[in-house]
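Start at 1 and go down the list; that is how both ligands and their atoms are numbered. All values derive from a computational prediction rather than experimental measurement.
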Amino acid sequence: MNKKINAAVFPVAGLGSRFLPATKATPKEMLPVVDKPLIQYAIEEAADAGITKMIFVTGRNKRAIEDHFDSAYELEAELASKDKHDLLEIAQSVAPKGVEFVYVRQSIALGLGHAILCAKPALSDEPFAVLLADDLIKGSKGAVQQLITASESVHGPVIGLETIEPHQSRAYGIVEIRERVGEHVIASNMVEKPNPEDAPSNLGVVGRYLLPYEIFDVIENLPTGSGGEIQLTDALAVLAKRDGVLGVSLKGQRFDCGSKLGYAKANIEYGLEHSEIGDSLRAYLKSLIV
Ligand code: G1P
């Protein structure tokens with residue numbers, strides 16, 4: 001894209017109904033993997049890629065996200081007075097240094113494309129990243145950084161991809177491949193959640209995107225798509241047909257934390273690496289295998 005990516009958009013207005021009752025009063029993005037909420041992993045991934053403006057597209061019942069990235073005066077005063085400096089440090093380092101938070105509202109749930117459009121007033125004419133926090137990607141190099149590195153030679157959108165099983169196509173945006181370029185592909189079309197027999201490939205879109213500002217013009221002119229919603233995939237399809245969209249097969253292990261199984265797996269994998277509980281968890285898991 002040849003332009004520095006300074007801003008990231010986090011669509012967090014969804015109801016999280018797949019996780020009821022946990023998400024009745026708590027945003028799904030605040031569900032912890034071990035001891036850190038999903039949204040904090042996403043913010044850290046963006047900050048590690050040099051992004052300094054975090055734009056949340058939020059909605060009703062999502063106040064906990066704003067509170068999480070704000071200072072917590074009473075908690076901090078209490079921890080300081082009890083000399084609990086390690087915990088104080090954890091509480092104070094939730095928001096990465098030098099990062100600005102912006103909140104815009106999506107008052108009706110009209111789909112991911114519509115959520116992205118809600119962020120338009122918070123952006124100037126520049127490319128930006130989008131991160132879906134329920135896709136948690138564990139690897140030595142952050143997923144957004146992988147997209148930025150791959151984008152250096154192209155001008156259009158860049159998307160994260162993963163190989164999926166054919167029967168999973170109804171859960172993903174699926175790309176049609178125009179050509180393969182080394183480890184990457186150029187997509188000539190994209191389809192949101194097709195039936196397996198209609199899927200143009202076995203490459204599914206993971207929740208990481210670099211989008212040009214012109215995507216807003218495209219979204220504004222889209223008809224409703226899959227599920228009666230305004231789909232980001234449909235906007236990308238317009239650009240894919242015109243100029244192609246670069247698809248990057250992400251390195252690392254992806255956990256679909258929008259599903260109960262993916263979320264449980266993430267807790268195990270991150271738990272095994274956790275300095276406090278890793279060894280005990282490993283011993284416990286071994287004890288389960290008879
Ligand atoms: C969204 C996108 C889909 C993408 C997926 C990745 O779907 O619409 O194209 O493949 O995220 O997680 P959702 O999972 O929000 O239904």
Find all protein N or O atoms under 3.5 angstrom from an N or O atom of ligand 1 and list the pairs with distances, or write 'none'.
| unit_1 | atom_1 | unit_2 | atom_2 | d |
| --- | --- | --- | --- | --- |
| ligand 1 | 7 (O) | K193 | NZ | 3.4 |
| ligand 1 | 8 (O) | E192 | OE2 | 2.6 |
| ligand 1 | 9 (O) | G173 | N | 3.0 |
| ligand 1 | 9 (O) | E192 | OE1 | 2.7 |
| ligand 1 | 9 (O) | T233 | OG1 | 3.2 |
| ligand 1 | 10 (O) | G173 | N | 3.0 |
| ligand 1 | 10 (O) | V205 | O | 2.6 |
| ligand 1 | 12 (O) | D135 | OD2 | 2.7 |
| ligand 1 | 16 (O) | K193 | NZ | 2.5 |

Quiz item: Between V99 and M54, what is the shortest heavy-atom contact and its length?
Solution: CG1-CG, 3.5 Å
Practice problem: Using the ring-ring contact (aromatic ring centres under 6.0 Å, His included) rule, take Y209 and F128 through it: C-alpha gap first, then chi angles, then the decisive distance, then the call. | Solution: CA-CA 8 Å; Y209 309 80; F128 57 95; 9.9 Å; no
Quiz item: Donor-acceptor pair, R282 side chain versus E273 backbone, under 3.5 Å?
Solution: no
Exercise. Give the C-alpha distance, both sets of side-chain angles, the deciding distance and a yes or no for salt bridge (charged side-chain N to carboxylate O under 4.0 Å, His left out) between E66 and K62.
Key: CA-CA 8 Å; E66 291 171 53; K62 298 286 181 163; over 6 Å; no
Quiz item: Taking the inter-plane angle between the rings of Y263 and F19 on a 0 to 90° scale, is it parallel (under 30°), tilted (30 to 60°) or perpendicular (over 60°)?
Solution: perpendicular
Quiz item: With sequence neighbours left out, what residues match V104 under side-chain contact (heavy atoms from CB on, under 4.5 Å)?
Solution: I55, V57, A122
